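First comes the structure, then the notes that go with it.
A quick note: this is a predicted structure, and the numbers were derived from the prediction, not measured. By convention in this document, chain letters (A, B, ...) are assigned in the order of the sequence lines, proteins followed by strands, and residues within each chain are numbered from 1. No hydrogens, no waters, no symmetry mates; every other heavy atom, side chains included, goes into these values.
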Amino acid sequence: MLEKHYDPKKVEEGKYAKWKEGGYFTAGDKSKQPFSLVIPPPNVTGKLHLGHVMDTIPDDIIVRYKKMKGFDVLWVPGMDHAGIATQAKVEEKLRKQGISRYDLGREKFLEKTWEWKKEYGDTIHDQWEKIGLAVDYSRERFTLDPGLSNAVKEVFCTLYEQGLIYQGERIINWDPVLKTALSNIEVIHQDDEGEFFYFIYDVVDSNEKLIVATTRPETMFGDTAVFVNPKDKRYAHLIGKKCINPANGEPLPIMGDEYVDITFGTGAMKCTPAHDPNDFALSKKYGFPLIKVLDESAHMNELAGKYNGMDRYECRKSLVEDIKASGHLDHIEKFVHSVGHSERSGVVVEPMLSKQWFVKMKPLAERVIAQQNSKDKVEFFPPRFEKTLLRWMNEVEDWCVSRQLWWGHRIPAYYDKKTGEVVVSRTPLDPEKYDQDEDVLDTWFSSALWPFATLGWPEKTPDYDRYFPTSVLNTGYDIIFFWVSRMIFQSEHFTDQVPFRQVIIHGLIRDPKGRKMSKSLGNGVDPIDVIAEYGVDALRYFITTNSTPGLDMRYSDEKLQAASNYLNKIWNSVRYVEMTLGDYQPKEIDFKACGPLEKFILSRLQKTIKTVESKMEKYQFANASSALYDFVYDDFCSFYLEMSKVTLADPAQADLVKDVLYYVVRSIVLMIYPYTPFIGEELYQSLPFAKPSIMEESYPEYRKDFVSNPAEKQGNLLREILRDVRGYKSDQGLAPNAPVEIYLSPKAPFQGIEDYLTRFLFAKKVEFGKELPQGDVFSYGDFGLALKQDIDVEEAKAKLSKEIETLHFEIARGEKMLGNPGFLAKAPKEKVAAEEEKLSANKAKLAALEARLKELN
RNA sequence: GGAUGCUUAGCUCAGCGGGAGAGCAUCGCCCUUACAAGGCGGGGGUCGCAGGUUCGAAACCUGCAGCAUCCACCA
């Protein structure tokens, strides 16, 4: 027997181990159709947060649902080495011990990082277990394992051979703390308040002065020219002359180019080819030298003269002072502008000229665009996110893939010690003759291969044959560019197939005020705390059923409480059914022998199954669960379960009612189970005929032979009567259980209705008669009901009048609608018929109420 | 500058072409033998604004406003 109250802690204990040991997570049943997905691999940087819960629980629901639907489901688990992020964490840890990575050297440092990986990998495993992920551990992968490394080498070398990877000197985003290049999307732009310095440049051989504005005075040592727009009347005559750089006294040519925006600043712009991407482009056009003035930690080099060795900001400060002292500072303005920060270290990135490896994106992106125009494309849920992907593909720039880190896939490029020539090779070259490139690849380079490399690619493995392309991928909109887009282009380029047929994009979870959860705000919520308070099932239910696909959601204690209450409700309804079953062994339902309310609940259940299934297929978990929720509360618990107490008391009907109760409650458990597997298993096990695990069960099937529209109508009518009379009592200030006398007109909606009225309206008397007595009357088409009270005639008349008034309103509406030729001609037939029926019912009701009013007068 | 989303009850959000819904909050009544973390019954909304399409608009179209996010630019 179940306990009176649902206790998540007791329910959750031991279940995961049982599933895991029972082999329920392992794929491979060849008699079934395959269905596959890969987990979005969490970074081994720390423990899981609510974002991971959002990434994985929808997958888990899909996995459990698809298993019940008879698929051979493979869910590949794994983790990401997360190059920069992990290395930054390990370095931070070492720094606290006063050690730098250079003190350790590459090999020792990597050892330390593997230790870190082991520790955090274990934590992540624990947490997967805690939240109940049905992942196939026999297929677990890591982005740095030998298989993935092999795939990475294969991809790098092939792209190189195809001319799609090249090495080039370009302006890249440099993180001066982590001392590595970053790709464009690893740079976060935010509006910072800065200063706009207006400096005076003396024009050579002239008395004229040119005022040039800059936000970055320290880069003036790398300037090669000053540009003005040739159409700018103020300056056109200066083109061809020279002016003096106030930072170092060097003469700079004044040049004309339409690139310059006349309206911005003073209309005169300095050009720093080695430290600004736009200036770099200009320099290519005019063949300027590329002068670097900053080193890899963003300190000034010898070109900065007396500022040599200073940090960029220190240099800026003293340089400005010196220029001011020389009389070349015009003024300084406050200026809010967008500044790039490193996603990982947070420091202001330095655009810097550097030799890096790049992936040539255009051909890869074009393939994706073509694929998305074909029938065999990746389908997005919700569809609008396809536009996000295509926009990126259309605008994409070459991808800088080299990182000056140690933790990652080392670039398989080698330099001839004598000639310096580059050789890219799948196998290591002789270290006597060659030095391997020191850099590693961007983490996303390996993540991009995740769906096929985890299944064995480039080998032709059985898993790859059977499970690729994967069926679906679920992830947040924030990593569409980082990850989704890259998996798509790599997969299409290398496997000639999409990596997954469908992508579900979810929003982000925010704090209760709608702010992003972040360390600095201290508003993060630890899933483990939530689980301790409400249980995993409530967390899972909350997170998957309280948001619209693709939109953000807010964390809410109230909703977790509500989820927990709902589960308690289901728990108790199962408990009630088990109490009524006792030793009885339910059997197949004899539908024909069922009473109207049994037919009602069976029919309602079928429609619920149908709705839930169709929403599940579209991954609309909020809609699926709310259909089930409505059924559980409104149809079952609040209504049928109560009503069944009447029929259960009749020995002739009791067994049949028990069959129905068992079937309904079992269906509810099976449908809630993918959302809340722990309580699902617990309740399932407590029911008769349980298999060793609910994971062996199949999903409830829609049974057309259990559908009865007339029975639903009868049930709804009884519900309406109960509500009316209860409402009446409440209006009259009577207690819900105040006794009443009820009189019914002969044409009752179904036989035996009096038993329900007696019990649930606390009627001390229910009588049928041709004439309804003096009292309050309720009319339901051709059926009427009266309550015998010592009534206040005036009050009763007022109430009747009010009801009549609203009926008139309703009838007028119906008549207007049905009198509209446009409506009759264009509206669907069913709609017209429904309106006609409603109208005639209202008319009958009106007639009855009017007759009643007349009687009272 | 470009794109996308949001604006519906006090709060958080569904609904997205046929009479405004849920959870929480609120009010009233009830310890009725599954559940008081409960039951029953209420109250509460010119669905951001303005036009348009339609027999019919919260829903579709156009414009506007506010909020949010992303991309690009910012000498």
Side-chain angles (χ1 to χ4, degrees), chain A residues 2 4-6 184-185 189 191 196 212-216 219 226-227 259-261 264-272 276 278-279 282 335-339 382 384-385 387-388 391-392 395 477-478 480-481 507-508 510 512 514 516 545-548 550-554 556-559 561-580 622-623 626 629-630 633 637-638 641-642 645 722-731 733-738 759-760 762 810 813-814 816-817 819-828 830-832 834-835 838:
Chain A
L2 295 171
K4 193 169 171 184
H5 235 95
Y6 155 57
N184 289 343
I185 52 179
H189 290 272
D191 282 344
F196 209 16
V212 178
T214 179
T215 53
R216 311 225 30 213
T219 65
V226 169
F227 275 90
Y259 168 75
V260 178
D261 179 352
F264 191 85
T266 63
M269 177 194 102
K270 72 187 200 65
C271 178
T272 321
D276 182 282
N278 295 308
D279 295 0
L282 270 180
F335 185 62
V336 174
H337 61 147
S338 165
V339 178
R384 73 183 130 91
F385 287 106
K387 276 186 257 173
T388 310
R391 185 164 50 81
W392 191 71
E395 295 168 5
Y477 63 69
D478 54 329
I480 291 176
F481 298 150
L508 310 179
R510 297 171 169 277
K516 232 175 169 167
T545 67
N546 277 87
S547 67
T548 308
L551 295 187
D552 292 351
M553 69 183 295
R554 297 182 192 209
S556 157
D557 267 312
E558 289 81 22
K559 297 217 162 152
Q561 189 60 57
S564 170
N565 290 349
Y566 175 43
L567 296 178
N568 186 53
K569 190 79 180 171
I570 293 177
W571 177 275
N572 270 291
S573 66
V574 174
R575 178 167 166 262
Y576 164 78
V577 170
E578 286 170 8
M579 281 164 62
T580 58
N623 293 336
S626 84
Y629 181 94
D630 291 346
Y633 265 95
C637 292
S638 298
L641 186 147
E642 291 299 328
K645 289 170 184 173
L722 294 178
R723 193 168 48 237
D724 286 346
V725 175
R726 283 164 170 170
Y728 167 84
K729 285 189 185 179
S730 176
D731 288 349
L734 297 169
N737 56 357
R759 175 158 181 155
F760 295 105
F762 301 89
E810 296 287 308
R813 177 193 162 269
K816 188 184 161 205
M817 217 169 179
N820 180 343
F823 178 73
L824 292 176
K826 295 183 182 173
E830 309 80 61
K831 176 64 188 167
V832 176
E835 285 300 330
K838 211 188 295 179

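- When heavy atoms are screened at a 4.0 angstrom cut-off, A:F481 is found touching the sugar-phosphate backbone but no base atom.
- For A:D630, there are no side-chain hydrogen bond (donor to acceptor under 3.5 Å, both in side chains) partners at least two apart in sequence or on another chain.
- The shortest non-hydrogen separation linking A:G265 to A:F196 is CA-CE2, 4.2 Å.
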_Per-nucleotide protein contact string for nucleotides 33-42 of chain B, where B marks a base within reach and S marks sugar-phosphate only (heavy atoms under 4.0 Å, - for neither)_ = -BBSBSSSS-
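- Atom-to-atom, CG of A:N737 to P of B:C30 comes out at 8 Å; the value is rounded to the nearest Å.
- Residues forming a side-chain hydrogen bond (donor to acceptor under 3.5 Å, both in side chains) with A:E810 (at least two apart in sequence, or on another chain): none.
- The residue A:V260 sits close to a base: some heavy atom pair falls under 4.0 Å.
- The P atoms of B:A9 and B:C49 are separated by 11 Å, rounded to the nearest whole Å.
- Rounding to whole angstrom units, CG of residue A:L824 and C1' of B:G56 are separated by 13 Å.
- One interatomic measurement links the two molecules: NZ of A:K729 to P of B:C30, which rounds to 13 Å at whole-angstrom precision.
- Only the C1' atoms considered, B:U4 is 22 Å distant from B:C47, to the nearest whole Å.
- The shortest distance between the side-chain N/O atoms of A:K831 and the OP1/OP2 oxygens of B:G17 is not below 4.0 Å.
- By the side-chain hydrogen bond (donor to acceptor under 3.5 Å, both in side chains) test, A:K831 pairs with A:E835, sequence neighbours left out.
- For A:K4, the side chain to side chain contact (heavy atoms under 4.5 Å, CB included) partners at least two apart in sequence or on another chain are A:R575.
- Residue A:A827 is in base contact, counting any heavy-atom pair closer than 4.0 Å across all strands shown.
- A:Y629 comes within 4.0 angstrom of sugar-phosphate atoms only, judged by non-hydrogen atoms across all strands, and of no base.
- Comparing the P positions of B:U12 and B:G51 gives an interatomic distance of 29 Å, to the nearest angstrom.
- One atom, CG of A:N820, and another, P of B:G18, lie 17 Å apart when rounded to the nearest Å.
- Taking the side chain of A:E835 as heavy atoms from C-beta on, and the options B:G18, B:C71, B:A75, the nearest nucleotide is B:G18.
- In this structure, A:I480 atom CD1 and B:C70 atom P are separated by 12 Å, rounded to whole Å.
- Residues passing the side chain to side chain contact (heavy atoms under 4.5 Å, CB included) test with A:S338, sequence neighbours excluded: A:H189, A:D191.
- Ring planes of A:Y566 and A:Y633: parallel class, angle under 30° (limits at 30 and 60°).
- A gap of 14 Å separates the P atoms of B:G52 and B:A59, to the nearest Å.
- Side-chain atoms of A:N820 never come within 3.5 Å of backbone atoms of A:K816 as a donor-acceptor pair (strictly under, hydrogens ignored).
- Contacts of A:P821 with the nucleic acid, taken as non-hydrogen atoms under 4.0 Å apart, are absent.
- Between the NZ atom of A:K816 and the C1' atom of B:G19 there is a distance of 12 Å, given to the nearest Å.
- How far CD of A:E578 is from CG of A:N572: 11.0 Å, rounded to the nearest 0.5 Å.
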Every protein N/O lying under 3.5 Å from an N/O of nucleotides 44-47 of chain B:
none

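- Evaluation of atom-type donor-acceptor distances gives a pair under 3.5 Å for the side chain of A:E810 against the base of B:G19.
- Partners of A:R723 by side-chain hydrogen bond (donor to acceptor under 3.5 Å, both in side chains), not counting sequence neighbours: none found.
- A distance of about 41 Å separates the C1' atoms of B:G18 and B:U32, rounded to the whole Å.
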*Pairs counted as Watson-Crick or G-U wobble with both distances under 3.5 Å: what dot-bracket string results for RNA chain B, using | for bases tied to another strand?*
((((((((.[[[[.)..(..]]]].(((((.......))))).....[[[[[..)....]]]]])))))))....
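- Figure legend: cation-pi geometry between A:K645 and A:F760 absent, as NZ or CZ is not positioned both under 6.0 Å from the six-membered ring centre and within 45° of its axis.
- With no hydrogens or angles considered, no side-chain donor-acceptor pair links A:K559 and A:T545 at under 3.5 Å.
- Across all strands, A:Y566 comes closer than 4.0 Å to no nucleic acid atom at all (heavy-atom distances).
- Spacing of P atoms, B:U33 relative to B:G45, comes out at 37 Å, to the nearest Å.
- Taking atom CG of residue A:D191 and atom C1' of nucleotide B:C70, one finds them 14 Å apart after rounding to whole Å.
- Comparing B:C13 with B:C6, their P atoms sit 13 Å apart, to the nearest whole Å.
- Looking only at atom types and distance, the side chain of A:Q561 has no donor-acceptor partner in the side chain of A:D557 under 3.5 Å away.
- Evaluation of the side chain to side chain contact (heavy atoms under 4.5 Å, CB included) rule for A:H337 yields A:T215, A:F335, A:V339 as partners, not counting sequence neighbours.
- Side-chain proximity of A:T214 to the nucleotides B:U69, B:G18, B:A75 is greatest for B:A75.
- Applying the side chain to side chain contact (heavy atoms under 4.5 Å, CB included) test to A:R391 and every residue at least two apart in sequence or in another chain returns A:T388, A:E395, A:F481.
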*Indicate for each nucleotide in nucleotides 3-15 of chain B, in 5' to 3' sequence, whether protein heavy atoms under 4.0 Å reach the base (B), only the sugar-phosphate (S), or nothing (-).*
SSS------BSS-
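- Map A:G814 and A:G267 each onto its nearest nucleotide of RNA chain B; the residue landing nearer the 5' end is A:G814.
- If you check every strand for non-hydrogen atoms under 4.0 Å, A:T215 touches sugar and phosphate atoms only.
- A donor and an acceptor atom, one from each side chain of A:D279 and A:Y259, are nowhere located under 3.5 Å apart.
- Comparing the P positions of B:G19 and B:G56 gives a spacing of 15 Å, expressed to the nearest Å.
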